[in-house]
Amino acid sequence: MFKINDNYLKLPGSYLFSTIAKKVSAYQAEHPDKQVIRLGIGDVTQPLAPAIIQALHGAVDEMADAATFHGYAPDLGYEFLRNAIAKNDYADRGCEIAADEIFVSDGAKCDSGNIQEIFSVDNKIAVCDPVYPVYVDTNVMAGRTGTYDPKTEVWSDVIYMPCTMANHFAPELPKETPDIIYLCFPNNPTGATITKAQLQEWVDYANRAGAVIIYDAAYEAYISEDDVPHSIYECAGARTCAIELKSFSKNAGFTGTRLGYTVIPKDLTCGGVTLHSLWARRHGTKYNGAPYIVQRAGEAVYSPEGKEQLKAQVAYYMNNAKTIKDGLKAAGYTVSGGVNAPYIWLKTPDRMSSWEFFDYLLERANVVGTPGSGFGPSGEGYFRLTAFGTYENTVAALERIKKM
Ligand code: MLT
């Protein structure tokens, strides 16, 4: 008789954003007259930029003609896109990353979930707490996290690195040595970030400890301050210890279009084996590539027009972030984030738990946010709002929150 992967049974509840969606649907079914404003999941609301739409149309026309039609994409992604990434995201920033160290995919969520497959199940992971739930949940599915304590909401074999107001939401080097370290900066969910010198400490630590850093830079486009690194490869020594994940979702509105990439430098090895070769093997076996038309759309992100238009789009969302942050502060909330990231992280009022505040906000203001505790135990008592709504909805949500 077949057996299931019973690691799945260890997962508590459903995926955070699915739980929220279910709660909101139930509320709407009971209150069809209420206009709910969604500032929960970090999903974009602005249409794709004109340069991207133009590239999509052009690529669709190519697919209609036998002379320019494209079938399966090359394993690592089309060269035109990998070259554009290598130049714009790396060479122009002084980072040494070759086009054949870039693996194009259909998004950073899948890559951040799948990357653990190339590591032994014995490896110990370290995560920031709070953390993007995909990193932990996918390691649970793989059987790497030990047992779950529902009281403390922690896994026995995971190293948690608390990110709280006391450390400005920046993790400290763990006492116990991990094998795999997940870092995400600018951070989801706290919106915090670290300086280049702080990131250099992590790179040095990983090289000393023989650990690998999985660096999620999905929110890099939102960096507004000078001393904040856009890529981990800005740090010396990162080529021997870091994998970087990037997404086109947040900088270019591809949440529904799907495109991302993973960088694995060929210098990153374990016992003489390159991680690059393992991921290439996985990619070749399990994946047939992001669609040609989407990769052409991705290329347009790096065109001069694309860059201009996306700068304006990021500014639009960051204006929302400022609106939320200033509005909440004026209403007496303790707030952080929103300067180098599209997320605002607030302390819940009156010692409410994160989920209590979720219900309170939904019922009193008809606004949806994300409970901090859904990202990990140190997120309890916090709440996340996203700047990815429309400006009109953002302003309306703030008005309602101020009246609560
Ligand atoms: C979030 O809200 O944390 C993100 O949108 C989730 C994601 O990018 O998958």
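Counting starts at 1 for both ligands and their atoms, following the listed order.
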Novice: Can you work out which protein residues put a heavy atom within less than 4.0 Å of ligand 1?
Specialist: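 Lining ligand 1 at under 4.0 Å, by heavy atoms, one finds Phe17, Ile41, Gly42, Lys109, Tyr132, Asn188, Tyr219, Lys250, Tyr343, Arg384.
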Novice: Look only at the side chain of His168 and the backbone of Ala166, and say whether a donor-acceptor pair between them is shorter than 3.5 Å.
Specialist: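 Checked: no pair found.
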Novice: Scan residues 120-146 for pairs that pass salt bridge (charged side-chain N to carboxylate O under 4.0 Å, His left out), counting only residues two or more places apart or in two chains.
Specialist: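 Sorted result for residues 120-146: Lys124-Glu176.
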Novice: Identify, with sequence neighbours excluded, every residue that meets side-chain hydrogen bond (donor to acceptor under 3.5 Å, both in side chains) alongside Glu79.
Specialist: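 Glu79 satisfies side-chain hydrogen bond (donor to acceptor under 3.5 Å, both in side chains) with no residue once adjacent residues are dropped.
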Novice: Are Glu380 and Ser354 linked by a side-chain donor-acceptor pair shorter than 3.5 Å?
Specialist: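 Side-chain D/A pair, Glu380 to Ser354: present.
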Novice: Identify whether NZ of Lys or CZ of Arg in Arg82 sits under 6.0 Å from the centre of the six-membered ring of Tyr261 and within 45° of that ring's axis.
Specialist: no
Novice: Of all residues at least two apart in sequence or in a different chain, which pass the side-chain hydrogen bond (donor to acceptor under 3.5 Å, both in side chains) check with Asp61?
Specialist: none
